[in-house]
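Just so it is clear: chains get the letters A, B, ... in the order the sequence lines come, proteins before strands, and each one is counted from 1. Computed over heavy atoms, backbone and side chain alike; hydrogens, waters and symmetry mates excluded.
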2 protein chains.
Amino acid sequence: MTRSVPSRRHDIADDLRHQITTGHLKPGERLPSETDLASRYKASTVTLRSALAVLQGEGLVEKIHGKGNFVRRPLRRIMYVSGWGTLDPWTAAEPALRVTVRTATVQADGHLTTLLRVPTGSPLAEFFCVSHEGESPHGLARIYVPRDLAPAGVLDDESPCPEAVKRFAVLGPPPAAIRETVSARPPTSDESSTLRTNSAAPVLAVTRVATDRTGRVVEAALLVFPGDRADAVFTTHHTPDERQTAG
Amino acid sequence: MTRSVPSRRHDIADDLRHQITTGHLKPGERLPSETDLASRYKASTVTLRSALAVLQGEGLVEKIHGKGNFVRRPLRRIMYVSGWGTLDPWTAAEPALRVTVRTATVQADGHLTTLLRVPTGSPLAEFFCVSHEGESPHGLARIYVPRDLAPAGVLDDESPCPEAVKRFAVLGPPPAAIRETVSARPPTSDESSTLRTNSAAPVLAVTRVATDRTGRVVEAALLVFPGDRADAVFTTHHTPDERQTAG
DNA sequence: CAGTGGTCTAGACCACGAA
DNA sequence: TCGTGGTCTAGACCACTGT
């Protein structure tokens, strides 16, 4: 009942998916060229490419311009844990992890003023972080902290960045409350080139706002992860009485 | 620097996006037919359609087969609030809200056994819920509760379903802990037809597992929302001392 | 029925990667 | 240079919606 209108695209995608999941095509292996596949399936190149786009969105196939289509190696999933940041304790000891951080001072405007609840033009410390695990991009973060709250010695400086930055964890002074908003959307062109995830695959975007006891926003972070590799995990513990579900 | 390779598709998408955001094309308005647009932009229909697919993924355009392309009316965003479910308190009094619920008893297998930590074949109460707001689909939920914990009178019965079900809130006995895993992915074909979101737009998927004080899983819920309408919000309050960020 | 979007084709041309 | 994927075209045919 699901496929009343069989489409060439989905048929081909289903067949290739089957070959991948059953191991007829092994991780890392190169698929035949699109021209070959097209003639093998008696389909046009356009149709075949749209079938590959389906698999690409599912994270099963990686396309590399000029080289070919490859069965993606099953990568360790990235786990974003609420207050902690990415890199949960189990994978924190990852060796082949590279994080590049660029710090700058910017002036608040647009979304940032509303997120941080500061007037336009307020000085902010910006941490622009990209993390890679081996070849594959891990995630992308833009973390903003009011400059007077930024950890000393990290701005306009070449001192090594703290662990927290590498994990995309909360910076600035210890917050009293964190509010995280998660959404799913297609990547911007910047993001799709940085994350090497072509626009077929969605991204998981986390907007994190941390406030201190007085209600002042001490950090706002815009985090982006490739949707086919990342999950965000939130755990809530309810003490009795505090339950708020209505009847 | 971003667009060193100008592509016809993006140029067209950018132009149409501009016309929409500046109000030259108004919400609800029908766009010219794809044939018209194609000739107007001096592009092929395929190229033009791929441009529309970009806008569709961004939630700016809605395609209706046989009728045309329409500028989407800005819809109230759906907010999924951690323990509470969808329909935050502010919008809970929504009038034009319809929810269809189908209940059944199923036997656990596959993912469900691991999620609920029950042996294969265990009887589960299944709540299959679809919620609409006016015309547009709101969300989709599959909630599973061990049958001996299911609220009485809701199974195989025509009694009105409780408010909690309509909100996709936690069912079953009050949980002591809730663990929610959020991910972004393309919709399955079932989901894209149910949510009327064509596969260009990603979905926000929430897997919610609720456990009681003894650690027993009292509910597992698979929630799916259209990515261009939904956000998931999580709020954490830190009492001093409990902060776990490493240095 | 006419008009719309949905799918597909065969082939052209461009951009990238490895010789 | 060659083989790869990336983009685009012009046109055919099908499926859905309204009259």
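- Residue contacts shown for R49(A) include a base, since a base heavy atom lies under 4.0 Å away.
- The nucleotide whose nearest atom lies closest to any side-chain atom of R8(A) is, among dC8(C), dT7(D), dT4(C), dC8(C).
- In this structure, E34(A) atom CD and dG5(D) atom C1' are separated by 5 Å, rounded to whole Å.
- For the side chain to side chain contact (heavy atoms under 4.5 Å, CB included) criterion with S33(A), the lone passing option out of L31(A), D36(A), L37(A) is D36(A).
- Proximity note for K67(A) (side chain, C-beta onward) versus dA18(C), dT9(D), dG5(C): the nearest is dA18(C).
- Rounded to an integer number of Å, the gap from NE2 of H65(B) to P of dG3(C) is 16 Å.
- As a whole-Å value, the separation of K42(A) NZ from dT9(C) P is 12 Å.
- dG3(D) atom P lies 17 Å from atom CG of L37(A), rounded to whole Å.
- Between Y41(A) and P32(B), the residue anchored nearer the 5' end of DNA chain C, judged by the nucleotide with its closest heavy atom, is P32(B).
- Between the CZ atom of F70(A) and the P atom of dT4(D) there is a distance of 11 Å, given to the nearest Å.
- Relative ring orientation between F168(A) and F225(A) is described as tilted, the plane-to-plane angle lying within the 30° to 60° band.
- Across the interface with DNA chain D, nearest-nucleotide mapping of V46(A) and G66(A) shows G66(A) to be the residue nearer the 5′ end.
- Among pairs with a residue in residues 18-31 of chain A, those fulfilling side chain to side chain donor-acceptor pair (under 3.5 Å) read D15(A)-Q19(A), at least two apart in sequence or across chains.
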**Request:** Assess whether side-chain contact (heavy atoms from CB on, under 4.5 Å) is satisfied between I20(B) and V61(B), documenting all intermediate values.
**Result:** CA-CA 9 Å; I20(B) 291 175; V61(B) 166; 3.9 Å; yes
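- Across all strands shown, S50(A) has no heavy atoms under 4.0 Å from either base or sugar-phosphate atoms.
- The side chain of N69(B) places no N or O atom within less than 4.0 Å of a non-bridging phosphate oxygen (OP1 or OP2) of dT4(C).
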**Message:** salt bridge (Lys or Arg N to Asp or Glu O under 4.0 Å), that's the test. Do E34(B) and K63(B) meet it? Break it down for me.
**Reply:** CA-CA 11 Å; E34(B) 300 186 343; K63(B) 321 200 72 169; 2.7 Å; yes
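- Protein atom CG of L52(B) is 13 Å distant from nucleotide atom C1' of dG6(C), rounded to whole Å.
- Checked against dG5(C), dA10(D), dG11(C), the side chain of S44(B) finds its nearest nucleotide in dA10(D).
- The side chain of T47(A) sits closest to dT9(C) out of dT7(D), dT4(D), dT9(C).
- Counting to the nearest Å, the P atom of dT7(C) and the NE2 atom of H10(A) are 8 Å from each other.
- Atom pair L48(A):CG and dT4(D):C1' shows a separation of 14 Å (rounding to whole Å applied).
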